[in-house]
2 protein chains.
Amino acid sequence: MIASVSHSRNQSSERKRPGSVSIRDVAQRAGVSIATVSRAVNRIPTVDPELARRVWKAIDEVGYLPNTQARALVSGRSHLLGLIVSEITNPFFPELVQEFENLATAQGYEVLIGSTNYDSARTESLMRRLLQRNVDGVAVMTFGVEEDLVKKLVEREFPLVFVDAGPGLPNIHVLKVDYAEGIRQGVQHLAALGHRKIAFISGPLEQRSPRVRREAFLRAMTEIGIHVPAEHLVEGTHTMEGGIAAMERLLERGDLPTAVMCSNDMTAIGALHAIYRTPLKVPQDISVVGFDDIHLAQFMLPPLTTVQMSCKSLAAAAIEALRAGIEPDHPKAKQKEWPISTQIVVRQSTAFPPGSLPARMNKEPARPTKPRA
Amino acid sequence: MIASVSHSRNQSSERKRPGSVSIRDVAQRAGVSIATVSRAVNRIPTVDPELARRVWKAIDEVGYLPNTQARALVSGRSHLLGLIVSEITNPFFPELVQEFENLATAQGYEVLIGSTNYDSARTESLMRRLLQRNVDGVAVMTFGVEEDLVKKLVEREFPLVFVDAGPGLPNIHVLKVDYAEGIRQGVQHLAALGHRKIAFISGPLEQRSPRVRREAFLRAMTEIGIHVPAEHLVEGTHTMEGGIAAMERLLERGDLPTAVMCSNDMTAIGALHAIYRTPLKVPQDISVVGFDDIHLAQFMLPPLTTVQMSCKSLAAAAIEALRAGIEPDHPKAKQKEWPISTQIVVRQSTAFPPGSLPARMNKEPARPTKPRA
DNA sequence: GCGATTGCGGTAAGCGTTTGCTTCTTCGGT
DNA sequence: ACCGAAGAAGCAAACGCTTACCGCAATCGC
């Protein structure tokens, strides 16, 4: 049972929201000073076990919850982490958010999420709000930060993690995604199947990460000695709509590719959709490869072959990097670059190109073949 | 240019993170008291315009950002809103989050997001953390709150919004989704096409909202005089995996339905996937209807007919309800129930049942007339 | 047995704001 | 010319907590 709680200075029990119980209420009830309560709560070993028991009992009885704001104010650490993503509605990011949040929570942090929607004004205001909230650090996982914004932020000394930021930025943690590896695997997978005409739908090229992905593709193609004509390189927006539009452009042009690699899965899903509207079929007539390996990819029709970038490792590295920057004696405090690997996941949206020799191995689903309207 | 800032009490410029400039620094630089700075910042009209100008200049020069934590501590309002969702990786929720966040930000609030993953222990810990962070209010948009948790929360007097919570809970805002309307439209759409054997894949039935949806379906069917046999009612999990499993059960059973309504879009996508693995085709052999109208729905193959529940209005109502609870003189402070409407969106996953009279409209070659089943 | 040491708990000074109250200035009214 | 009112800025308390510091009592050494 909860006795009436009140004292001279803090009439919280009368004036404010009930449920807003302060450390004073606990102290009074346990018959100790607030300092002792604080020490008990923080499990400081110098407090007498008997007293600690009394304090915990009182805490339980009055339903005390330490006020994080006050704590943050005095300790200087808010245990808040900022997470900035490009677009929360792109399914890749919720998966990332989820992982990030789980990890953060496990370490006693809360997460403030913001999505920039590729709007730099929005990003800036978001960043300002995060700073006002005194976040302990920010992970900027947008795959498309404007370089000048980065510079601006770096000026404040502040734990900051970027993905794919350029090199040479001091004092910043960078998640270095090894696009080359996964994309090379994708290209080689297609080449091994016999494809020679492989198109690429990129993301928005004013952003760094899409550029890097495209270059990785071109390099991988060059490695196997295939020239990519300009009309097989189209720009998308990393959205389904962009994928549809880009694929349509590809379909209109004369020299139809037999395979299309996409800069992310949403683009690939858009491409599938655009192809679905034509008489062509995936993978018999045209193969499609995505990038990201979002959960949805395996449920596409057909299930999407894609390059996996593990958001689990992305999130883990981000958290680790932030903690290294925040917590004074973190083991990896010196590390500034965190490698993230990528790899191909073969599903059913890729097959031999049409008219190639071993066409029977095109794994047609067991169903009556009809041209789709 | 930024002159050296320092004073007796707060050596922040030396001790702490640079960039952590306090109101004192501004006051000193502008040659006024901190009270005046505070008033200028908060645009209190009693401050002399000339002084205000000086203050703003100083703010700009030293790069001052008011500390939200301190503000919250004294004002009692954190301008933080909690948003609890079931599962951030279900695409419906990011869309909701996005809307919610936009609206909240526009009103000067920040959002702390948490996903419960249908785990009540997790929910409870989440709620506790939100309370410790002193959020001004919480929107619980999980479509599956355990009733006892609700009761527990209600005890603390606290701005709280639920979706589909039971009636008779005093002092709580409820978003009342009118499932009946949209689902009836869906059923009637199918019936108008000629379907009589309509199955329903529900969500997890231990949750309230899935139960309500299922009942709405059954009532709509009863209204048009069709009995739904038990084997046409299967339980899913509101995930793609659940949709696949449920659809497979439906396909195994003897009496194949000609149409399937699903409790949400992810379930429907799973169902499409399961059907894809058979010789059957959507919509020629079987029609599928979803619920939610997530963005992805229109990009499915074929584009999904679904019942739209606007997450825009859901978010708007939630914010409005919370503000009504938080802000003392909000116009709608009395309103406790907020209606949300639903409606059918017809796309291409629904068509006439196989063998029905106007088969030529099924986008297939015309067939000889057959008696209806 | 007495002074020094140790162990614990309380007191109070902040953390960065807001805001009630006080003080100072200025101006109008008589 | 004097008094009072009004307006504007400053002082200081408070928000809920942590922690440096201090004081008290008990213990130890000799």
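None of these values were measured; they are calculated from a predicted model. So that the names make sense, note that chain A is the first sequence line, chain B the second, and so on, each numbered from 1.
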Exercise. Between Asn42(B) and dT18(C), is there a side-chain N or O to OP1/OP2 distance below 4.0 Å?
Worked result: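 So the side chain of Asn42(B) is within the cut-off, an N or O lying under 4.0 Å from OP1 or OP2 of dT18(C).
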
Problem set entry | N or O in side chain of Arg71(A) less than 4.0 angstrom from dT18(D) OP1/OP2 |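 Answer is yes, contact under 4.0 Å.
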
For this session: Could you check Glu327(A), His79(A), Arg323(A) and say which one makes a side-chain hydrogen bond (donor to acceptor under 3.5 Å, both in side chains) with Gln107(A)?
Result: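 Testing each of Glu327(A), His79(A), Arg323(A) against Gln107(A), the sole residue satisfying side-chain hydrogen bond (donor to acceptor under 3.5 Å, both in side chains) is Arg323(A).
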
Protein-nucleotide distance ([X], atom [atom1]; [N], atom [atom2]), rounded to Å:
X	N	atom1	atom2	answer
Arg77(A)	dG16(C)	CZ	P	16 Å
Arg24(A)	dC15(D)	CZ	C1'	9 Å
His79(B)	dT18(C)	NE2	C1'	12 Å
Ile44(B)	dT19(C)	CD1	C1'	8 Å
Arg133(B)	dG16(D)	CZ	C1'	15 Å
Asn134(A)	dT17(C)	CG	C1'	12 Å
Ile23(A)	dT19(D)	CD1	C1'	12 Å
Gln132(A)	dT17(C)	CD	C1'	13 Å

Which atom pairs link the protein and nucleotides 22-27 of chain C when you take only N or O atoms and keep those under 3.5 Å?
none

Exercise. Testing Val135(B), Leu322(B), Leu103(B) for side-chain contact (heavy atoms from CB on, under 4.5 Å) with Leu81(B), which one passes?
Worked result: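 Of the listed residues Val135(B), Leu322(B), Leu103(B), the side-chain contact (heavy atoms from CB on, under 4.5 Å) partner of Leu81(B) is Leu322(B).
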
Please enumerate all residues that pass salt bridge (Lys or Arg N to Asp or Glu O under 4.0 Å) together with [X], with sequence neighbours excluded.
X	result
Arg39(B)	none
Arg129(B)	Glu110(A)
Arg128(B)	none

Exercise. Which residue pairs pass the salt bridge (charged side-chain N to carboxylate O under 4.0 Å, His left out) test with at least one member in residues 63-82 of chain B, sequence neighbours excluded?
Worked result: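 Only Arg77(B)-Asp136(B) qualify under salt bridge (charged side-chain N to carboxylate O under 4.0 Å, His left out).
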
For this session: Compute the angle between the rotation axes at the two ends of the helix from dG1(C)-dC30(D) to dT30(C)-dA1(D), each taken over five pairs, rounded to 10 degrees.
Result: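 Computed from the C1' atoms at both ends, the axes differ by 50°.
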
Exercise. Taking side chain as C-beta onward, heavy atoms only, is Asn102(B) less than 4.5 Å from Gln98(B)?
Worked result: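 Asn102(B) reaches Gln98(B) side chain to side chain.
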
For this session: Using the test side-chain hydrogen bond (donor to acceptor under 3.5 Å, both in side chains), find all partners of Lys57(B) that sit at least two apart in sequence or belong to another chain.
Result: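 Result, side-chain hydrogen bond (donor to acceptor under 3.5 Å, both in side chains) vs Lys57(B): Glu61(B).
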
Exercise. Listed by chain and number, what are the side-chain hydrogen bond (donor to acceptor under 3.5 Å, both in side chains) partners of Thr36(A), not counting sequence neighbours?
Worked result: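 In terms of side-chain hydrogen bond (donor to acceptor under 3.5 Å, both in side chains), with neighbours along the sequence ignored, Thr36(A) is linked to Ser33(A).
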
Exercise. Looking only at heavy atoms, which two atoms of Met141(A) and Leu175(A) are closest? And how far apart?
Worked result: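 Closest approach of Met141(A) to Leu175(A), heavy atoms only: SD-CD2, 3.9 Å.
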
For this session: For residues 311-321 of chain B, pull every pair meeting side chain to side chain donor-acceptor pair (under 3.5 Å), keeping only residues two or more places apart or in separate chains.
Result: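 Non-adjacent pairs meeting side chain to side chain donor-acceptor pair (under 3.5 Å): Ser310(B)-Ser313(B), Glu320(B)-His330(B).
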
Under 3.5 Å, N/O pairs linking protein and nucleotides 23-28 of chain D:
none

Exercise. Can you give one letter per nucleotide of nucleotides 5-12 of chain C, going 5' to 3': B for a protein heavy atom under 4.0 Å from the base, S for sugar-phosphate only, - for none?
Worked result: ---SBBB-

For this session: Scan residues 42-65 of chain A for pairs that pass ring pair (Phe, Tyr, Trp, His ring centres under 6.0 Å), counting only residues two or more places apart or in two chains.
Result: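 Qualifying pairs: none.
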
Exercise. Hey, what do you get for CG (Leu112(B)) to CD1 (Ile84(B)), rounding to the nearest 0.5 Å?
Worked result: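 The distance works out to 10.5 Å.
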
Exercise. Do the side chain of Asn42(B) and the main chain of Ile44(B) share a donor and acceptor less than 3.5 angstrom apart?
Worked result: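 The answer is no, because no donor-acceptor pair under 3.5 Å joins these two groups.
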
